[in-house]
Structures are given as structure tokens and as C-alpha cells.
Amino acid sequence: MAKTKPTAAGAAAADKKHNNKKKGKGNIKGRSGPAAVAMKARGAAAAGAERSNPFEAIWSRRKFDVLGKKRKGEERRTSRSRSDAIHKRENTLLKEFEQSAKSSVFHDRRIGERDETLPEYDKAILRQQREHMAKLKRASKFNLSDEEDDEDSHTLLGNDDFNEEVPIGDDSDEEGNTLSKKRLSLQSSDLPSETDLPGETHGHKSKKEVMSEIILKSKFYKAQKAKEKEEDEHLVDKLDSDFALLAQTPALLSLTESARVNTHKNNSSTIHKGSSGLTGKEIFNKEKPDAYDKLVKEMVMDQRARPSDRTKTPEELAQEEKERLEKLEKERHKRMLGTAESSDEEDDDSEDGDHHMRADNSKPISGDDLGDSFSFDEPTKRKKGWVDEIYENEGRKIGEGVASGDEGSDDSGEDEDEDEEDAGDEEDSSDDDFRNMPARDWEQSDDDEVAVEEDEKDDVKDKEQVIGEKVMKTNAQNLKRVSNAKQKSHGKDEDLPFVIEAPNNLQDLCSLVDGRSETEIAEIISRIRTCNSIRLTPENRKKMQVFYGVLLQYFAVLATQSPVKFKVIETLVKPLVEMSGETPYFAAICARERLIHTRARLCEDIKVPGKSSLPSLKTLLLLRLWSLIFPCSDFRHAVATPMLLLMCEYLMRCPIQSGRDAAVGSFLCSMVLAATKESKKFCPEAISFLQTLLVTSLKGEVSNQINDQFMELKTLKPWLHISEQVHEVNRMNILDLMSMDPDSPFFASDNFKAGVLLSVAECLRGFVIIHEGLCSFPEIFMPVSSLLQQIMEKSELPALLQEIFQDVIDLIKKKSDEHHASREPLQMRKQKPEPIKQLNPKFEENYVKGLDYDPDRERARLKKLKKQVKSEKRGAMSELRKDSYFMAAVKEKERARHEQERSEKYGKAMAFLQEQESAFKCGQMGKGKKRRR
Amino acid sequence: MSTRRVLATLHQNVIPSMSNPAILCDFLTTSYDIGGVISVMALSGLFILMTQHQLEYPKFYDKLYALLTPAVFMAKHRSVFLQLLDACLKSSYLQAYLVASFAKRLSRLTLSVPPAGALIIIALIHNLLRRHPSINFLVHWEVAQDDGVASLPKKIGADPFNNEETDPAKSGAMRSSLWEIDTLRHHYTPAVSRFVASLETDLTVRAKTMEMKITDFSSGSYATVFRDEARRRIKQVPLAFYRSTPTSLFQESDFPGWTFGCQSNMGAQASVEGNAVHTLETVDASPAKRSRV
């Protein structure tokens, strides 16, 4: 219960509590005064902020740190918390009690009095500032100088600083001191490090010394170098002598001969083995060498992997392919220009020569075609058989495609493609006059004569390589020339350019492929793809993406033309599928955008009454293309899922307005079937559409059908009602159908109707087979079956159709019977297997006392909450009790004070009375007393 | 037509400003009896009268039951209707047979409605199962655990539910099971087949489950389902794998009943048709370009 009197020093470091105490000062001042005085000395010595009650300074502290021991209430300072509680009550409860009897309250609104955290001194400053401001305001009116005031404040501030620094022993000041010291030390340490030290070093070494040192060092290095050189020479000499020795051994001889042996590559290894075995034996017979020698010899004999044997990376293959085409293009060009433009050729040649020179000087052959560079540099100097082999290898690779493992499937596909095209070309040229003879010759030479030519034409090869590089650089130029050439020679008999830049828009592509045959178009596309293969440079990716878009557009445009060039469209399928493999993301984005657009158009079309909103041929073909490119069996696919949704939306929303619509819808159903075949997904739309089609084949009694709910959506005229006996049923050609006018009489013919019914039945059969595993198979297909039965009875179907219908009906019946026999009520809820009750006692490892190990979390939570409530309640009760104690103490004090006052008064009165009485008894009426006093 | 127009605005604009809306009772009940879309539209007005103006309507649920046809899930005002349907079936005091019939009828509808409709139906059935623990046998048939004799669930075979029956009391739904919902697991829309899993949780434990908001689904359509799928971020694009790349679009083995020969002898008809198609082509070209960007 210490109440420190706020002093100037104390005020500087005073905290909240001090202020609080001050407020309750009036009450307990008398008692706390001496204590405060007593504590003053100690307070100065100990922490200023610390409470000055000596009992509070003592609190239970643990003497030893026991590892892992957890003790409660360690941090609690009982005496301090008790006094804190009392302070709190004094500030709250007591105040309220005091005010309870009063009708008015005193609010202290002086400056700074409200803020309890403000120390006394700051309040004074605030007050003075306010005063000063007021003065300034008043002074400004008269514009009197205020120097005095300024000085005053300054001195005051100075005082303030001074005062604060007076108690040196204070903690805060110590801190300040250390801080300033640190700052000082920092400065002092910084300064010398920056300025002094270098100065010192410079000072120590003079320029001369430094120079001499440098000279010494350089001399030393020179000497060392010379020494090393000498050693190297020595080593080289030694090696030479060693080599001379080694050269006479048979191992090296065989090594040098190995190249020659290589030419008979197929049987070479066996020969080697045999020979090595022989030599081994001989040696064994002669000298009995140790195992190591033998091993070394064998290893020397072993055929090493040649650089040319390395399997080529896809990039290299693509590069080679491109170079080949470029070479061919060059040749073609030369031939095309013919003798008339020989000067050009010469120019080219001279240019080539230049390039050749440059190439020889700098050897700019890229790192990835190691095999090529090797073959170009070495062969001229070395023996020839070796070179042949390499070229043969290359030729074979170009011709056949590499069957070795690490190429992707599309690579081999490309190569096959190439082969096929070549074959196709040859066929073409043999039976048709599309191609002129030189081209044909050339084609052959590519395949067969390469090896022969290479023998003599090493130089030419070199040149071609360089040409390839050149062409790569000046592709655009080349293209211009190509286009020029094309403009010069119109007509079909012109041959294809070998190097084709990827077209940037549809016009370019159209100008490229117009009037070509399918094989030629395929050839063009494959050449474009080889020339701009993504593997060559990353920039080609962009080009190929653009080209992909153009090709897709071309595909779509072709589908809208009439008559539809279906064969051309078919030729586009393969490259499109393969190119999608190269740029899958782009392909997906293309497909998606088109799907979204198609759907938007469907929405517009539906709003127009009378317009057929079922998909056009273009849409159908595109949908089919995408279902080929992307896997429809995926659970969720970026393209396949929206595509399937779109197809089903067509089936659900589009009204059947003509026989053509019925046929298109039926075809769409078969496309849905093809798309869902593998994953066996369930498409209610397709089945109900087929059902609707069946209903349309019934005349009259449409209303009582199951499908009457769709009456409002689809106009059910008897589109497919067969009126007369038809004997033969032909399969429908969708391409023919699509190109026909919806009003054409063909759609009213019974032949057509029978054909559509056939497709419907076939499609239904497919769905029945797919969905046989579905739980509600009977519910799905029984109505269909009854419908089929009805159709069979009511209309005269051709025999084939009747057969198929009966087939489907039987199939449905069989499967539904199976379902009826085996179907069980659903048990969808996942049941957790109930564990067997265990009776062995449970043990907790690392048991901690007091932790709740209840397995029922709910119960544990409840328990915890209950515990909390209990403890809170207890706390509140004790608080209330303490409150009442406190109040009782206060009242008791009050009462004691009153009692004292009363007894004092009583005493006084009694004394007065006694005095009076005594005076009365004495006979003097108080005068004597006065007199006495 | 005029009836429809009146009914479309009645519950929003007319009824709130009438002093005694009960006089509309006759009009609404007659239009509710008509059937089809008009009934669907009259339901909203009728619902207000029943809930706020103490209208008694006999055989209300029978009529409502009859309204549940596939056409409802394609109709224009389906959103309001489906919300009202959920509201009408909200009371937990409805008889179990009635609710079971509704659930079974709804599930039967999933075999012929669009994917958005299937989503709503699953949500509706979910709510029904949660409100009425007594009909949970529809999705989960409790197996008697006591003896080995009854360990196998009773085989039902043919579905005892009769979809043609107009009286929900006689539909036989109490002996049936929601096989259609199980069929939806194989639905082609991933959203639907995923959503079926929501019925797998034990809905009899009310503390752990929540009712679904029908408003979240009731405005669904092909457009919303398609948009959700098409706007999905492309994370990866798997491609179909072929041992040898297909060279033709249509394999005749995949399309029984169709041929794909190149047309050669289609004469005049094709050329007539050609002009119309050509005009379309110019329209097609521009979006294709856009799609490339």
C-alpha cells in the first residue's frame, strides 16, 4: 500500500499507477506519507518504475530449472496482485460508493487532466503552451516582440533536459547513456575504418617499394611459366617415345585398320570377335599373359561407338529433313530457271563459293549436328570407305525413318507419311500426266542414287550444307522467288516448291493449294510442316500455330463449298491431328472458341421460327474432327466435354422441321454414340431424340405416346412414316443428304425414310449395348422397345428393317430381364465398417496429466466448457466477495472515523459539563476558571 | 396466350395491390386445372393465396405431382416453378408416401431432361431426403444385421413404381428405389455425375448436413452448364492416342447405317444448294480468325 508522493524526478518516469494513486491521495494521504518518504531512498536506488512496496519485491522464484517441469502460478506475485486489486477497487468501487450519496459530480476539465498517462510535468508544459498561444494571439494584434517568451520557453526546455538527467542512477538514464555511448563508439569505429586505415597502409609503403614488389612478382611468374613449359616439353617427349613403342604393338595396328573393317559393318563384329579370340589364344599359347593384359587387348579390339552411330535427336532429324527439302528446292529452282537464266545460277554459285569460304574459315556448323561436321571435315583428308558408310547411314535414315526407340510416334508417322507420299507421287507420275519427267527422275534419285552420287560429290555435299544455311537465313527471299516462279508458270503441270513458308492467312493457303490434287495438297502440307518444324527454332511455334489456325479455317471452308470435296477434307485430317499433337493448347483454344461461337449461332437460329437449327455439314465435320483429336472418354476434358454438351443441346432443343432434320439428327446421334462408346457415358438427350424419331414414324396416334411431353418443343409430323412397301433398304450417305435442299422430294420418299429408320435402329442398338450396365436400363429402354413393337405392327417395314428392329427388341428384352433378375435396392450411403469392440485396456503413450483423452470430441468440448464456466463462476464469486470485504473495510473505516469524532465530541462535551459541574460545586460560576486561565 | 400473359405478372404486380386477393381464387384454380405450362404459371399465384390468404385447395399435391413432366425442365418459367416446388414440399408433416412418390417421379425425369435439369432434380431430392428421414430407404436400403438369413438385401427386380399413375398414393414408390440417380453417375456431364455424390452422405443426420438452395440451380440451363465447362481454365490438354493416325473422318464401322462415299453423281441439286452455303461461308470466316488470336 505504498503511495509515492509525486516528485519532479518521479514524475518524469511515472506510469499510470502513479497517477491513479494520486487521485486517491486525499483519502489515504496521512498514512501513506511516511511510507513514501521511507521508500524514497530505496526507490532512487532501485528501478524507478518499480513499485516501492518491499513486500511486493519479494515473490516466489524457482531456485533451480528443472527440465520439463511445469509449475502453475509461478509468475504470480500474490502481494502485488493483491495491492493491484485494491487499487482497482479504490479507483472504481470506492469512487462509485463516494458518489452514490452525492447529487453532483466534479469534472476536472483542466488541460491534460483527462489524460491519465500524461505526467504532471507534461501537463504543465501543455498549459504553458496554451497560455503562450493565447499570448501570441493577443500579441499579434499589437505586433509586439515576444523574445522574452521565447527565451522563457527555451530556458524552461533546457531546465527540463537538465532535470531529467539529474538522477544518474535511474534505469532509463542508464539506457540512454549506453545508447549514446554506442552511438559514440559507432562513430568512432566508423571513422577510422574509412579514413585512417588506408592512410596508414599508404603511409607505410612508398611507391618505390610497391613497384619493386610488382616486379618481383612478375619475375617469379615468368620463372614459373618457363619451368612449366619445360616440364610439358619433357612430357611430350616422353609420350612420343612411348607412342613409338606402342605403335609397333598389334593393338594399334588393328585400331588404324578398324575403319577399313568397318565397311563390312554387318559381319564386322563377328570378325572382330573371332580375331580377338584368335590373338588371345595365340598370346596365351606363347606368353601366358595376365588377365589384365588380355582385357586391355580385348578392349582395344572392341568396336568403339562411332560418332555417326549416335541416334539422332528429333531436332536433328527435323533439321536434316528441312535441309533435304531445301536442297531439293534449290535443284528444282535451277532446273526451272533452266539455261535461260544461267547467269543467275552462276551468281548463286559464286555466292555459294563465298559462303563456302566463310564457312571453312569460321566453321560455323552448329553443335547439334556433330555427325555432319565430322563427316565434312574428316573424309576429304582420310580414306573414303568410311565416308560412304556414314552417308549410307544418313541416306537410309532419311529414306526409311528411324525405327529406334526414342522418337515420338508422330515422328515415325511423319516419316511414314513421307514414304506414302513418295509412293503416291510415283503412282501419280506413272499413271497420270500431272508431273513432268525430270521431277520423277529426281524423286527416284533421292531414294536410290544418293549413295552412288555421294561417292563422287563430296564437294557438292559441302556446298549444299552451306546452301542450306543460306536458305535458312534468306527464307523470305526464297519464298518470293517461289511465288514468282509460280506466277510465271500456271497450270497443273507445275511442280511443287520444296521449301514453303507457312502461310499466314487463308488467301495464301488457298493460292498455294488451289487446283491441286489431294496427294499434292498432302505433300504441300507435309513440306510446310517439315520446313517450319517447331523443333528447328522456337520461333516456328508461333508460325505453326498460325498455320494450324489457317488449316482449320481451310477445313471449315472446304466443308461449306459445294460440291463438297470430301477427299480433300479427308487429306487434311491426318495433318490436323498430328499438328494438334504439337501444339495441344493452341488446338484446344481454337476448338473451344469455335464451339462457343457455334453455340451462339445455335441460340440465334432457334429463335427464328421455320429455320433449321440443326448443325450444318461444316459443324458436323468439325465436331467429328475434334472428337478424333481429343479423347472423348475423359471424365472432363477442356474440349470434349463442351463439345458433347453442344451436340446434346442440338438434339434436345432443335425442332425437327423436315425429313432432312430427322436425318441430320439421327446422324448426330450416331456421332454422340461414337463419342461415348468407350467411356459408356449416358446421354439422355440422344436416346430421347431417337425415341422422338421413332414416334414420327407412327402416323396418327402420336398423342398417347410416352413422348407427349415433348409435343410443345418438337413438331411431330409423321416425317418417317413409311406408307408403301419398300423392298430394299440402303444406307444413307450423309454428304449427299447434307447437300440436298430440305424441300427436295427425296426426303418424302420411302427409301429415305427406311434409310433413316435403319440408322436409328442401328444407333439404338449401339446405345443398348453401351448402356447395358446402367442401373435403370429397363426404365430407359422399355419405352423404346414398346415403341419399336408398335412400329413393327402398324407400318409395313421392309424385311431387313423388321429384322433389325426385332433384333433390338430382343436385345432390350434380354438385358432388361437380366436387370430385373439381378437388381437390388440401392445402397448408396457409404457405411463405415464398425470396429469390433475391444476389451483390452487402453494405454496412452506420453500421458500428460490433466489432458483430456476422451475419444468423443463433442463430450470433451462440453466438459471443457463446463470447466470454464465453473472457474469463471468461482472467479466472479471471489471477486464479489473481495468487493464486499473491501466495502466493509471502507465502511468500517468510515464508521471508526465517525465513532472517533463522536467520542471526541462526547469527550469535549463531557469535559465541558464536568468542568461546569465542578465549578458549580465549587461555587464559582465559571468566572474563576476564566480568571484562572 | 392471354392467360399466360396475365399469369406471368399476376403474382408480382396484381396480388400485392389487391385488398382481397381471394377473389382470384376461381381464376387461378381453373387455370391450375388446365395442365401444362399454364398450370406451372398459375402455381405461383396460387401459392401466395394458399400461404398468405388461407386458401384451402383440395388435391393440391396430386395436381402438383401431375405437373412434373420433362417439359417443365425446358419451359421458360421453370426457375420460379422449381423454387415453388421446393417450397411446397418443405413441410416435414407431409406423408412419407407422398414425398417418396415425388422423389421417385423426379428421379424418373432425370432419364429425359437436360443436364441442368438433372442438377436441379438431384438438389430437390437431396432436400426431400433430408427433410424426411423416413424415405431414406429410397437411396439406402438398410440391411438387417441380426441373422445371416436376412443379410442379403431383398431383390426387387422390376421397379414397382408406376410412372403413369396419377395418384401419388398408388404409385408404389414406397417399395421402389432411386436407380435413376445411380444411373446419373454415368452421365456425360461431369458436373452431374459429380453431384450425385452429394446424396451419398447420410442425410438423416441433420446436424451434419445442410439443405441445398434451389435458387442456386433453378436458373441453370444448357447455357450455364456449357459456359462453366467452356470457361474452365485449360490446365492440360490430353490428346487422343492412335497407333496410326486416322486418315479419314468417318469409319464406317463406327457409323452403322451410314455411308460416306464421295458424291459424284449428285447433279443439279447440289449446285443449287451450293449458293446458299457459299453465303454462309463469309460469315464463318471472321470468327475463325478471331479464334486464332
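Computed over heavy atoms, backbone and side chain alike; hydrogens, waters and symmetry mates excluded.
- Between A:R592 and B:I234 there is a side-chain heavy-atom pair separated by less than 4.5 Å.
- Using a 4.5 Å cut-off between heavy atoms, B:V196 touches chain A through backbone and side chain atoms alike.
- Here the straight-line distance linking atom CZ of A:R653 with atom OG of B:S221 works out to 7.0 Å at 0.5 Å rounding.
- Proximity to chain A (any heavy atom under 4.5 Å) is shown, for B:L109, by neither the backbone nor the side chain.
- A:E685 and B:Y188 share a side-chain donor-acceptor pair at under 3.5 Å.
- Other residues, nucleotides and ligands contribute only 12 or fewer heavy atoms inside 6.0 Å of the CE atom of A:M782.
- Scanning all heavy atoms of the two residues, the minimum distance from B:P238 to A:P631 falls at O-CD, 3.3 Å.
- Interface residue A:I569: only side-chain heavy atoms are found under 4.5 Å from chain B.
- No other option in A:E762, A:K681, A:R624 has as many heavy-atom pairs under 4.5 Å with chain B as A:R624.
- Summarising the geometry, atom CD1 belonging to B:I181 is positioned 11.0 Å from atom SG belonging to A:C775; distances are rounded to the nearest 0.5 Å.
- Checked by atom type and distance alone, the side chain of B:Y242 pairs as donor or acceptor with a backbone atom of A:L628 at under 3.5 Å.
- The nearest pair of heavy atoms linking B:A191 to A:R636 is N-NH2, 3.8 Å.
- When every heavy atom of B:E180 is checked against every heavy atom of A:S776, the shortest pair comes out as CA-OG, 3.8 Å.
- Of the atoms belonging to A:S666, heavy atoms from both backbone and side chain fall under 4.5 Å from chain B.
- Within the 4.5 Å cutoff, no side-chain heavy atoms of B:R227 are placed close to those of A:I596.
- For B:A197, no part lies under 4.5 angstrom from a heavy atom of chain A.
- Only the side chain of A:T641 comes within less than 4.5 Å of a heavy atom of chain B; its backbone N, CA, C and O stay farther away.
- For B:R108, the part sitting under 4.5 Å from any heavy atom of chain A is the side chain, from C-beta outward, and nothing else.
- Using modelled atom types, one side-chain atom of A:Y585 and one backbone atom of B:K235 make a donor-acceptor pair closer than 3.5 Å.
- For B:T183, the parts sitting under 4.5 Å from any heavy atom of chain A are the backbone and the side chain alike.
- Per-residue counts of heavy-atom pairs under 4.5 Å with chain B were compared for A:C632, A:S627, A:S816, A:S670; the largest is that of A:S670.
- Residues B:D159 and A:P778 fail the side-chain proximity criterion, which asks for heavy atoms closer than 4.5 Å.
- Remark: A:R599 is positioned above the aromatic ring of B:F226, its terminal NZ or CZ atom under 6.0 angstrom from the ring centre and at most 45 degrees off the axis.
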### Query
What's the verdict on side chain to side chain contact (heavy atoms under 4.5 Å, CB included) for B:F161 and A:E779, showing C-alpha distance, side-chain angles and the deciding distance?
CA-CA 10 Å; B:F161 176 74; A:E779 282 77 43; over 6 Å; no

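- One distance of note links NE2 of B:H187 with CG of A:L774; it measures 11.0 Å at 0.5 Å rounding.
- Among A:I629, A:V760, A:L617, A:T571, the residue making the largest number of heavy-atom pairs under 4.5 Å with chain B is A:I629.
- Scanning both residues, A:A588 and B:V237, for their nearest heavy atoms gives CB-CG2, 3.6 Å.
- With contacts defined as side-chain heavy-atom distances shorter than 4.5 Å, the pair A:E649/B:V225 does not qualify.
- Taking a 6.0 Å sphere around NZ of A:K677, one finds it holds more than 12 heavy atoms contributed by other residues, nucleotides or ligands.
- Only the backbone of B:L138 comes within less than 4.5 Å of a heavy atom in chain A; its side chain stays farther off.
- Here the closest non-hydrogen pair linking B:L239 and A:S580 is CD1-O, 3.5 Å.
- Top candidate by heavy-atom pairs under 4.5 Å with chain A, chosen from B:P190, B:A118, B:P114, B:A230, is B:P190.
- Proximity to chain B (any heavy atom under 4.5 Å) is shown, for A:F777, by neither the backbone nor the side chain.
- Proximity to chain A (any heavy atom under 4.5 Å) is restricted, for B:S193, to the side chain, taken from C-beta onward.
- Contact detail for B:P115 and A:L645: the closest heavy-atom pair is CG-CD2, 3.8 Å.
- Between B:H186 atom NE2 and A:T676 atom OG1 the span is 13.0 Å, to the nearest 0.5 Å.
- Counting heavy atoms of neighbouring residues, nucleotides and ligands inside a 6.0 Å radius, atom CD of A:E678 does not exceed 12 of them.
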